[in-house]
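Shown next, in structure tokens, is the structure this report addresses.
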Amino acid sequence: MGAVISVNMAREPIRQRTEFARAVGLNRNGSGSAYQPETGEATDAALLAAAARRDAIAFAALVARYQTQVFRVVWRLTRGHTDAEDITQEVFLRLWRNPGQIREAAALKGWLIRVASNLAMDRYRAKPMQELDTALDIGDGKSSAEDTMARSWTERRIDAAIAALPDRQKLALTLVHFEQMGNIKAAALMEISVDAIESLLARARRSLKVALAAEKDTLFAGIADEGH
Amino acid sequence: MDDKILNDTELDTLLAHASEPRLSDGFNDRLMQRLLSEAAAVKPVSNNVIPFPARKPVQQATPWFRAVPLAASLAAALVGGLYIGAADNLPSFLPDSSSVASIDDSDQTGFEELDTILQDGQT
């Protein structure tokens, strides 16, 4: 029995959950799935087609493939807010509900990041300004205590400077610098021209250079300490 | 070096030390939970549909024998018409025309009498 979970999903939640967890844990022993790791890495197209047939194993493989990238973008745009995970889940839920909306598998990553950035900016824009002001002071939004403790002061200060950038500059910087996307691809994803994204990047870098200059010595000292 | 602004190398060094966000444990379980709850939320809709009771077939409002008087009267009218037409005695069924008053046309009226009317008026 494969992992077809359309109408049978609610009827057999335990079995499906087990199969999904097994798939996400990359211990893919499920039979009947389009995703056959023994034959090599499945393409996005194959996984998408299988997901459209409600193949949970294939969908889990897609989630595993892109969840980190999507989460990183959302995390940057929401300043590490706890909603980042919720938004990331929402992105994949939208994909699960209608995989057919992505006509070309090559566009999958771009689609995921575009949906994620739109959701993040829409949701964070609706947050009260009090939280934004506080976020600038403490370095991030409403991050979990565990997350905050795990990051050094230096990291938090750099994150705060990035978080203070306007949304579009932040997205451009995230895509090009942190996600290693080329300018052309990032521009296509943001639906702007290459000149526009270069302008956004230049302004973002200029703002960061100014914002972090005052604490340059402390920041580099912190980096040196971490190195030891 | 200008202390009021970082150079590109310094900025890149600092950016390399920005946080590397990580998904918390159990992300996939929570995602699956949402998938399942969403499916569960959708599923009962079809199960909770209460069908209407089957409608009884509508009976014929007018049974065939109700049309017998109408058919009989039509047939009688047809036969009567044929009889009257064949016997050529239709006038005997009509009222006597002798009592109908004849039109009194002794007065001069109409366009053809116009000259006479005008002459009478001048005299």
Side-chain angles (χ1 to χ4, degrees), chain A residues 5-7 9-11 13 16-17 20-21 23-25 56 59-60 63-64 67-68 71-72 74-76 80 84-86 88-90 92-93 96-97 140 144 146-147 150-152 154-159 161-162 173 177-178 205-206 208-210 212-214 216-217 219-220 222-223 226, chain B residues 1-68 70-71:
Chain A
I5 59 167
S6 52
V7 292
M9 199 176 198
R11 203 178 301 161
Q16 297 298 348
R17 193 179 306 182
F20 189 89
V24 169
F59 181 71
V63 172
Q67 62 184 8
T68 307
F71 177 72
R72 278 200 304 249
V74 174
W75 191 92
R76 288 269 168 232
E85 185 180 302
D86 186 54
T88 306
Q89 286 185 4
E90 178 61 31
F92 287 105
L93 279 173
W96 172 254
R97 284 178 203 138
D140 59 7
S144 66
E146 186 184 349
D147 180 45
R151 292 184 293 142
S152 69
T154 309
E155 285 178 342
R156 278 183 281 147
R157 190 65 203 94
I158 297 167
D159 293 341
I162 297 168
L173 186 78
H177 186 88
F178 293 107
R205 289 180 66 87
R206 170 86 187 172
L208 289 175
K209 285 174 183 176
V210 172
L212 296 171
K216 185 174 80 172
D217 295 338
L219 288 168
F220 279 103
I223 291 171
E226 287 171 22
Chain B
M1 185 170 60
D2 187 0
D3 285 340
K4 292 182 180 176
I5 188 165
L6 300 176
N7 60 37
D8 283 327
T9 310
E10 288 170 334
L11 178 62
D12 288 336
T13 306
L14 290 179
L15 287 178
H17 285 81
S19 293
E20 178 75 15
R22 294 182 199 287
L23 275 167
S24 60
D25 292 339
F27 170 82
N28 296 307
D29 289 341
R30 287 189 289 277
L31 174 59
M32 188 57 189
Q33 196 72 259
R34 284 183 69 173
L35 280 175
L36 291 172
S37 60
E38 191 169 284
V42 171
K43 178 74 175 162
V45 173
S46 58
N47 291 341
N48 289 344
V49 173
I50 301 170
F52 285 109
R55 197 175 171 186
K56 291 179 181 176
V58 179
Q59 291 188 340
Q60 283 283 341
T62 52
W64 65 269
F65 52 82
R66 295 265 176 94
V68 168
L70 177 62

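First the proteins, then the strands, lettered A, B, ... as listed; each starts at 1.
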Side-chain heavy atoms of [X] within contact of [Y], under 4.5 Å:
| X | Y | value |
| --- | --- | --- |
| A:Leu219 | B:His17 | no |
| B:Leu35 | A:Phe92 | no |
| A:Ile162 | B:Leu15 | yes |
| B:Asp12 | A:His177 | yes |
| B:Glu20 | A:Phe178 | no |
| A:Asp86 | B:Arg34 | yes |

Item checked: Sequence-distant partners of A:Thr68, side-chain contact (heavy atoms from CB on, under 4.5 Å), two or more places apart ->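 Listed in chain order: A:Arg72.
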Margin query: Restricting to side-chain contact (heavy atoms from CB on, under 4.5 Å), what partner residues turn up for B:Asp8, sequence neighbours left out?
Written below: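 Once residues adjacent in sequence are excluded, the partners of B:Asp8 under the side-chain contact (heavy atoms from CB on, under 4.5 Å) criterion are A:Arg205, A:Lys209.
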Note to self: Among B:Ala18, B:Ser24, B:Ala16, which residue has the highest count of heavy-atom pairs closer than 4.5 Å to chain A?
What the structure shows: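 Looking at each of B:Ala18, B:Ser24, B:Ala16 in turn, B:Ala18 comes out on top.
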Check: In terms of heavy-atom proximity below 4.5 Å to chain A, should B:Leu14 be classed as side chain, backbone, both, or neither?
Finding: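 Both backbone and side chain.
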Notebook entry, point to check: If you round to the nearest 0.5 Å, how far is CZ of B:Arg22 from CH2 of A:Trp75?
Noted result: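 Here the rounded value is 11.0 Å.
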Next item on the list: Mark yes when over 12 heavy atoms from residues, nucleotides or ligands other than B:Arg30 sit less than 6.0 Å from its CZ; otherwise mark no.
Entry: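 Enclosed.
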